[in-house]
Each structure stands twice: as C-alpha cells, then as structure tokens.
Amino acid sequence: MMTSTTPEALNKRSFVYRKMTGATFSPVAGGAIALDVLSDRKQAERAGLLDLSVLSRRGFRGTKAVMHLEALQLPVPIKPNLASTTENGELVLRLSQKEFWVLGSLQDKGASIDTLDQCTLPADNCYSLFCQDSHAWLMLTGAHLPEIMAKVCGVDLREHGFPQGAIAQTSAARINVIVIHHQLKGIPCFSILCDSAAAEYLWDCLMDAMGEFGGKAIGISALVE
C-alpha cells in the first residue's frame, strides 16, 4: 500500500519534481517518486515520460564483477552493451567487459536492490560504483520511441538495429546518455541515464520531442497497476 507524500518532506528527491505540477508522490527508498501525474495506461502506450531517479540501483566494476553478479543469482549479459531482465523486473546492464549496473524494479519499487548489499564483495578486483546520485534515470514509454529519440539523438534506435535488450552509450540533446531498450507490462520502454546535473535539461528536451505524438509526463501507476 503506497501512501502519498511531498518531495520536500524527504531528503532524496526526483531531479525534476518541480516540473510535475499536480503530481501525487509516493515514498520510495527514502525519496519521492511520482505515483500519479497522468496514470493512464493508454498514455503510457502512446507516449509517456517518467523520472525514476530515486529508484534504487547499484554498480560494480572489476575482473571479478561477473563472479559477484553470479553469486547474487543475477542474469549476466554475455557482452557489453546488452541488458538482461530478472524475473522480478530488475535490469542488469553490462556497460563494458568489467562494468555492470543493476537498476531497481517498479514491481517492488527497487526494494530487492537493497538485498544486494548483503552479499560481500570479492576481496579484490571488484568494487562498488556509486551511480545512484551521479546519474538521473528517465524512462520514455510507448509506440513512438525511435521517432521521439530521432529528434534529440543522431543514432538510429529503430527496432531492426536496436532490439530489446540493447544498450546505446551515445549523446542526446548534446549530453552523454545511456539508453536501454526494454519492456514493462508489454509496453516498449527506453530507460535513459544521464548526468544528474543535466536531468532537468534532458527532461525538457524529451517533453518537447514528445509533443508531436501527444506525449505527457506519467506516474508509475500507469505501469504497475
């Protein structure tokens, strides 16, 4: 049962919460995530944008990072620039031969990510990356993802060259981004990670790019209920 709150009441806030006028927020991982902005599944299927920056995530780097992820019983992508999805909905990203990020699931509001800390890191050649605060996490949803991204990104992200599970480390709106193609409840999604300082700027660029397709900000209720 989720209860509403205000971002101001918590230390950790969405990077773009000021832009979500009229949103109802839910406490998640010591922060506040938009529960309802426009919580219509049809909007998510058409063109939606969420800020998931407060959702828990972890990063690991080193030659023994694969061994650590396997000990955590996480599905390890076979090569860089691929993502795997757990049964619970976490995304496991392989950004290089030795660097991995694990993004929390909307199904449990990222709660399972906290259990990763219960498994001790290998004694050497594997260390944690602090990607929680360094990066913002925005998610585009709907039927027009490649067309929307084509307005801000020079890389062709259409299905034939960028299928589900693919990762693009590129630039969008002139900033560095990581784009992950995945799916939630049957809805196509692009998760986009960028420097936290650029979150508001990228949000505005994506909202502008979505306008032609009727895109709007949505809350997580549009995807989890």
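Taking the six-membered ring for Trp and thresholds of 30 and 60 degrees, His181 and Phe162 have nearly parallel ring planes, at less than 30 degrees apart.
In this structure, the side chain of Gln132 engages the main chain of Ser53 through a donor-acceptor pair within 3.5 Å. Put simply, the side chain of Ser84 never gets that close to the backbone of Val92: no donor and acceptor are under 3.5 Å apart. Between the side chain of Ser105 and the backbone N or O of Asn88, at least one donor-acceptor pair lies under 3.5 Å. Judged by distance alone, the side chain of Ser191 and the main-chain N or O of Ile180 form no donor-acceptor pair under 3.5 Å.
Between Thr141 and Cys189, the shortest heavy-atom distance links the atoms CG2-SG, 4.1 Å. Between Pro80 and Ser96, the shortest heavy-atom distance links the atoms CG-C, 3.6 Å. Nearest heavy atoms, Met149 versus Ala172: CE-CB, 4.3 Å. Contact detail for Phe213 and Glu147: the closest heavy-atom pair is CZ-CB, 3.5 Å. Residue Ala65 comes nearest to Cys126 through the heavy atom pair CA-SG, 3.8 Å, listed as atom of the first residue, atom of the second, then distance. Ala44 approaches Leu223 most closely through the heavy-atom pair CB-CD2, 4.1 Å.
Hydrophobic clustering (side-chain heavy atoms under 4.5 Å, transitive across Ile, Leu, Val, Met, Phe, Trp, Tyr) groups Met210 together with Leu138. The same ILVMFWY cluster, assembled from side-chain heavy atoms under 4.5 Å apart, contains both Leu121 and Phe100. Hydrophobic clustering of Ile, Leu, Val, Met, Phe, Trp and Tyr side chains at less than 4.5 Å, counting indirect connections, keeps Ile167 apart from Leu82. Cluster membership check: Val224 shares its hydrophobic cluster with Val54, using side-chain heavy-atom separations under 4.5 Å among Ile, Leu, Val, Met, Phe, Trp and Tyr. Leu93 and Leu184 end up in the same hydrophobic cluster when Ile, Leu, Val, Met, Phe, Trp and Tyr side chains are linked at under 4.5 Å.
A heavy-atom distance below 4.5 Å is found between the side chains of Lys109 and Ile220. By the 4.5 Å heavy-atom criterion applied to side chains, Pro122 and Met67 are counted as neighbours. Residues Ile218 and Met139 are not in side-chain contact: their nearest non-hydrogen atoms beyond the backbone lie 4.5 Å or more apart. Looking at Pro75 and Thr86, their side chains come closer than 4.5 Å, going by heavy atoms from C-beta outward. Two residues are said to be in side-chain contact when any heavy atoms from C-beta on lie closer than 4.5 Å; Trp101 and Leu91 fail this criterion. The shortest side-chain heavy-atom distance between Leu202 and Ile175 falls under the 4.5 Å cut-off. The shortest side-chain heavy-atom distance between Val66 and Lys98 does not fall under the 4.5 Å cut-off. Between Leu140 and Val179, every side-chain heavy-atom pair lies at or beyond the 4.5 Å cut-off.
Remark: Asp195 pairs with no residue by the side-chain hydrogen bond (donor to acceptor under 3.5 Å, both in side chains) rule, at least two apart or across chains. Scanning for side-chain hydrogen bond (donor to acceptor under 3.5 Å, both in side chains) contacts around Lys151 gives Glu212, with sequence neighbours left out.
Under the side chain to side chain contact (heavy atoms under 4.5 Å, CB included) test applied with Ile178, the options Asn81, Leu95, Ile192 reduce to a single match, Leu95.
Annotation: the span from Thr120 atom OG1 to His68 atom NE2 amounts to 8.5 Å, rounded to 0.5 Å. Rounding to the nearest 0.5 Å gives a distance of 10.5 Å between CD of Gln43 and CG of Leu49. Taking CZ of Arg58 as the reference point, atom CG of Leu72 lies at 11.0 Å (rounded to 0.5 Å). Here Gln164 contributes atom CD and Phe190 contributes atom CZ; the two are 9.5 Å apart, rounded to the nearest 0.5 Å. Expressed to the nearest 0.5 Å, how far CG of Leu103 lies from CH2 of Trp137 amounts to 4.5 Å. Taking NE2 of His135 as the start and CG of Asn176 as the end, the distance is 8.5 Å to the nearest 0.5 Å.
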Step by step, would you call Leu52 with Leu106 a side-chain contact (heavy atoms from CB on, under 4.5 Å)?
-> CA-CA 9 Å; Leu52 302 180; Leu106 282 180; 4.0 Å; yes
Could you please spell out the steps behind the side-chain contact (heavy atoms from CB on, under 4.5 Å) verdict for Gln107 and Lys185?
-> CA-CA 10 Å; Gln107 293 299 112; Lys185 300 281 184 156; 3.4 Å; yes
